[in-house]
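Numbers restart at 1 for each chain; the letters A, B, ... are given by sequence-line order, proteins then strands. As the structure is a prediction and not an experimental result, all values here were calculated from the model.
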There are 2 protein chains.
Amino acid sequence: MSIKHQQLINYLECAVSLPEETQEIIRECFMLRRFKKGQYILNEGEFCRYNNFVLQGAFRMFIVDENFKEHNLQFAFNNWWIGDPKSFFNDVTTRLNIQCFENAEVLSVTKANQEKMLESCPELNSLFREKFRNSMIRSYDRILSLIGSNAQSRYKDFLETYPQYLHRLPNQYIASYIGVTPEFFSKLKKEYWQQSKAS
Amino acid sequence: MSIKHQQLINYLECAVSLPEETQEIIRECFMLRRFKKGQYILNEGEFCRYNNFVLQGAFRMFIVDENFKEHNLQFAFNNWWIGDPKSFFNDVTTRLNIQCFENAEVLSVTKANQEKMLESCPELNSLFREKFRNSMIRSYDRILSLIGSNAQSRYKDFLETYPQYLHRLPNQYIASYIGVTPEFFSKLKKEYWQQSKAS
DNA sequence: TGCCCTTCTTAACCTACTTCAAGGTACTGA
DNA sequence: TCAGTACCTTGAAGTAGGTTAAGAAGGGCA
């Protein structure tokens, strides 16, 4: 009876109460994996076989463009899910990379096992649907901000949206997330703090 | 028994077979609405009360930024769904506008009625989940292309992804969708066709 | 047929952001 | 304690894409 799995069960039980049978399935189906800082858990060109629930640590998901530049798409910390849904659900190879940047523990589940869990507890379906919806809404907001606003206000948005993770994120990762170079990000920050001091 | 609703039922039955009872609910719950070219079916600041299935015609969804510039996020043609999921599901006001740009007929459903339909036919849940997933994957791809590539290759991607709709879309709408001004889009096109002629 | 109105294109100039290069700062480990 | 390395900042020069303004090219309609 792993204490690790209990963290996932507690997380799920915030939304629905899980029958003992489902809890058992979760303990069987979710595999505990550990990663060291720097390690990749998914590489471009592979199939994404696992959906991952982060117990502790931190991950970033990024693409590498034709000039070998990295672009961060998403981060994941405690109690977040991370994986490439496109590759996971559609059995295609991924364009994404996922790298651990703080030593981490995750619980990983295959597609078959995830379906097994959802079948055993239909209430979880609505939870997962909601997670999906939220994640879709977040990516919609992301598109809006990439299309409709400049770097300065994307930086402001980031500060407002993720204040609690700022200190765990290297500047270069944030720069890449909001879509500018580290050099320009440096200037953005300076400008921003000068302005907010003035007002 | 509206022939209009039959189009929706046919569309759904490509994936799941619907019991007569569910078909009846669909006929009752989906409201037929008609729009003329130019008309708005959703305005920034309103609540998105309806999820809309497009029978015929064409729509675009866009935001207006602080400089009153429009940015197209998505289009919708026959047999597509359109609405703002964030506003629809979370009962918040929307930042989006949806405008008809070819005379159109849609079937609209409220959140309560959509839930009623899903309850009556649980198989539809997985269909809707899949639609969500696809729509999430599409927006993910959109972020990837906005972040990871320049305007020229976003234009190429658009040509490859939506060849069948090109002739129904004014250049300025495509320009806005890929995230450039109409003027710059003009240059892109010229450059693209010169290159492809040369090779 | 011709006119108005919207859309598209072209060109000159402008700016937000990138690139490149250099120096500063701060962990990390022997 | 010191060196090595990764990270952050600064500045100068370059570029992708925006702005403005004007003309060209359709397309609906009298």
Undergrad: Between atom CG in Asn67(B) and atom P in dT19(D), what is the gap in whole Å?
TA: 8 Å
Undergrad: Would you please confirm or rule out a distance under 4.0 Å between OP1 or OP2 of dT9(D) and any side-chain N or O of Asn171(A)?
TA: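 Checking Asn171(A) against dT9(D): at least one side-chain N or O falls below 4.0 Å of OP1 or OP2.
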Undergrad: Rounded to whole Å, please give me the gap between NZ in Lys69(A) and C1' in dC20(C).
TA: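 It works out to 11 Å between those atoms.
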Undergrad: Go through the steps to decide whether Tyr162(A) and Phe75(A) satisfy the test ring pair (Phe, Tyr, Trp, His ring centres under 6.0 Å), and finish with yes or no.
TA: CA-CA 10 Å; Tyr162(A) 301 107; Phe75(A) 304 111; 7.8 Å; no
Undergrad: So, Ser145(B) versus Asp157(B): side-chain donor-acceptor pair below 3.5 Å or not?
TA: no
Undergrad: Nearest whole Å is fine: how far is dG18(D) C1' from Glu70(B) CD?
TA: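 Between C1' of dG18(D) and CD of Glu70(B): 17 Å.
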Undergrad: Write down the distance between NZ (Lys190(B)) and C1' (dG17(D)), rounded to a whole number of angstrom.
TA: 16 Å
Undergrad: Taking the ring centre of each residue, are Phe158(A) and Tyr192(A) less than 6.0 Å apart?
TA: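 Not close enough - the centres of the two rings lie 6.0 Å or further apart.
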Undergrad: Rounded to whole angstroms, how far apart are CD on Gln152(A) and P on dC17(C)?
TA: 9 Å
Undergrad: With under 30° as parallel and over 60° as perpendicular, where do the rings of Phe59(B) and Phe35(B) fit, or are they tilted in between?
TA: perpendicular
Undergrad: Rounded to whole Å, how long is the line connecting atom CD of Gln194(A) with atom P of dT9(D)?
TA: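 Result: 13 Å.
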Undergrad: If you check every side-chain atom of Glu183(B), which of dC8(C), dA21(D), dT9(D) has the closest atom?
TA: dA21(D)
Undergrad: Mind calculating the distance between OH (Tyr173(A)) and P (dA6(D)) to the nearest angstrom?
TA: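 After rounding, the gap between these two atoms is 12 Å.
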Undergrad: Starting from P on dG17(D), measure out to CD1 on Ile178(B) and report it in whole angstrom.
TA: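 Interatomic distance, CD1 of Ile178(B) to P of dG17(D): 9 Å.
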Undergrad: Given dG18(D), dT10(D), dT18(C), which nucleotide is nearest the side-chain atoms of Val180(B)?
TA: dG18(D)
Undergrad: Can you tell me if Lys189(B) touches the phosphate of dT9(C), counting only side-chain N or O atoms and a distance under 4.0 Å to OP1 or OP2?
TA: yes
Undergrad: Closer than 4.0 Å, any side-chain N/O of Asn150(B) to the OP1 or OP2 of dA16(D)?
TA: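 No, outside the criterion.
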Undergrad: Measuring to OP1 and OP2 of dT18(C), would you say a side-chain N or O of Thr181(A) lies under 4.0 angstrom away?
TA: yes
Undergrad: Run the ring-centre check on Tyr165(A) versus Tyr177(A) and record whether the distance is less than 6.0 Å.
TA: no
